[in-house]
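Before any comments, here is the structure.
Quick caveat, the model's predicted, so the values are computed rather than measured. Every heavy atom of this structure was used, including side-chain atoms; hydrogens, water molecules and symmetry mates were not. So you know, we letter chains A, B, ... as the sequences are listed, proteins then strands, and number each from 1.
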There are 2 protein chains.
Amino acid sequence: MPAVAKRADRHTPESLLAVAVDVFNVRGYDGTSMEELAKAAGITKSSIYHHVAGKEELLRLAVTRALDGLFAALDEPGALQGPPVERFAYVVRRTCLELVRNLPYVTLLLRVRGNTETERDALERRREFDHRVAELAAAAVAEGDLRADVDPRLTARLVFGLVNSVAEWYRPDGPVSGDTVADALSSLVLDGLRPRG
Amino acid sequence: MPAVAKRADRHTPESLLAVAVDVFNVRGYDGTSMEELAKAAGITKSSIYHHVAGKEELLRLAVTRALDGLFAALDEPGALQGPPVERFAYVVRRTCLELVRNLPYVTLLLRVRGNTETERDALERRREFDHRVAELAAAAVAEGDLRADVDPRLTARLVFGLVNSVAEWYRPDGPVSGDTVADALSSLVLDGLRPRG
DNA sequence: GTCTATACCGTGATAGAC
DNA sequence: GTCTATCACGGTATAGAC
């Protein structure tokens, strides 16, 4: 065995991904150069290509992870069983928690605009997700458990915009816990800001 | 007078700005090259520099316009007179309408991340705006017209996230009018999705 | 006001040594 | 697995003619 610690195996696709996502979220995907990525990872540009095919593959890995996490929530018992309004509330709350738990990856996903094939695929899966939640909202309206005087599709868009906007300001090391955000958000969505009584 | 129509004066900083903002919003600011801008404007790259100092000045002009529009709302009678809860509701509604009216400029503003001096200045003014609205919300809570069981700062963040998220999907030529969005959004914020009574 | 031509630099990516 | 060296390309910006 060598007396000197080997420097090999310092990076895997996984460890590079974590670095890349953080840099992408600060500088923007387009605004990030491979040079910056290399510096953040502590290796050279060329070494990155040993682990991944290129910049866009890092983006693909990141948004795939984010989307898998979100879709997983839709297949949980809370999203499949019970009255639609409760399933809807579960998904809203669960999506919010997933966003907070997986913040860097979901943040990157939400900023994708569709300029490459990778980005267009991600947008397509996002639309599929939104569609399934909109169906839940419509079912809840049909049963009279959500207000019928606002278009369900508009409702779904607003609620999702609200959830997604959390990524713009939430910080895991900040004073607010994910549960606190999810509670406040659910409460706002269901009951509004005006006191009930 | 010349018998042939002059091709001069085809572009002003203003007309270039309109073109640039549209391209920025599709391709992203970083992702947009001067070549693309030139093609969209129907002139050459070099000609652009005759009208504006460069790419970043176009961004500065755009976000300044967006911010001026938003701050103007804060100085209107509806935002200055009456009980805090009504002033708060006015600003929420008015901000939503301003976003829709000035959509390309506000959209660009909301995507700024702070990588250049221009962007950091814009973020600073956005924070100032958010702060003034958070004060309104806190005043409304103090008078008992908004619920006190959620932190006012968290409330303000969520409400603004909701308003801003409209920029992600709203299209002026779509089926939904700005008034419809503003109504649905105000109603959601104040009364929630659950039927009252 | 717009053009052609070009300077100069940073980009993503590759080759080959260790 | 990482490095140095290098490539071809496209980026912003400028000079000077018309």
Verify the contact: side-chain N or O of [X] to OP1 or OP2 of [N], cut-off strictly under 4.0 Å; return yes or no.
| X | N | value |
| --- | --- | --- |
| B:His50 | C:dG1 | yes |
| B:Ser33 | D:dG10 | no |
| A:Thr44 | D:dC3 | yes |
| B:Tyr49 | D:dT14 | no |

Next item on the list: State whether A:Arg120 and A:Glu117 are salt-bridged, where the test is any N-O pair (Lys NZ or Arg NE/NH1/NH2 against Asp/Glu carboxylate O) under 4.0 Å.
Entry: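 Looking at A:Glu117 together with A:Arg120, the answer is yes, because their closest N to O distance falls below 4.0 Å.
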Margin query: Tell me whether A:Thr64 contacts the main-chain N or O of A:Leu61 through its side chain, where contact means a donor paired with an acceptor under 3.5 Å.
Written below: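 Flag not set: sc A:Thr64 to bb A:Leu61 has no pair under 3.5 Å.
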Notebook entry, point to check: With a cut-off of 6.0 Å (strictly less than), are more than 12 heavy atoms of other residues, nucleotides or ligands near CZ of A:Arg153?
Noted result: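 Open.
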Next item on the list: Any chance you could measure A:Phe129, atom CZ, to A:Leu67, atom CG, to the nearest 0.5 Å?
Entry: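 Atom-to-atom, A:Phe129:CZ and A:Leu67:CG are 9.0 Å apart.
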Measure [atom1]/[X] against [atom2]/[N] and give the value in whole Å, please.
| X | N | atom1 | atom2 | value |
| --- | --- | --- | --- | --- |
| A:Leu16 | D:dT2 | CG | P | 8 Å |
| B:Ile48 | C:dT4 | CD1 | P | 14 Å |
| A:Glu36 | C:dG10 | CD | P | 12 Å |
| A:Arg27 | C:dG12 | CZ | P | 11 Å |
| A:Tyr29 | C:dT11 | OH | C1' | 13 Å |
| A:Leu37 | C:dT11 | CG | P | 12 Å |
| B:Lys39 | C:dC3 | NZ | P | 14 Å |
| A:Glu56 | C:dG12 | CD | P | 12 Å |

Item checked: Residue pair B:Arg87, B:Asp145: steps toward the salt bridge (Lys or Arg N to Asp or Glu O under 4.0 Å) verdict -> CA-CA 12 Å; B:Arg87 295 160 60 195; B:Asp145 293 328; over 6 Å; no
Margin query: Does A:Lys45 reach a base, just sugar-phosphate, or nothing at all? Heavy atoms under 4.0 Å.
Written below: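 Since a base atom lies under 4.0 Å of A:Lys45, the category is base.
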Among [options], which nucleotide sits nearest the side chain of [X]?
| X | options | result |
| --- | --- | --- |
| B:Ile43 | C:dG1, C:dG12, C:dC3 | C:dC3 |
| B:Glu35 | D:dT2, C:dG1, D:dG11 | D:dG11 |
| A:His11 | D:dA13, C:dT2, D:dT2 | D:dT2 |

Next item on the list: Can you check whether any acceptor in the base of C:dT14 is under 3.5 Å from a donor in the side chain of A:Ser46, or vice versa?
Entry: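 Such a pair exists between side chain and base.
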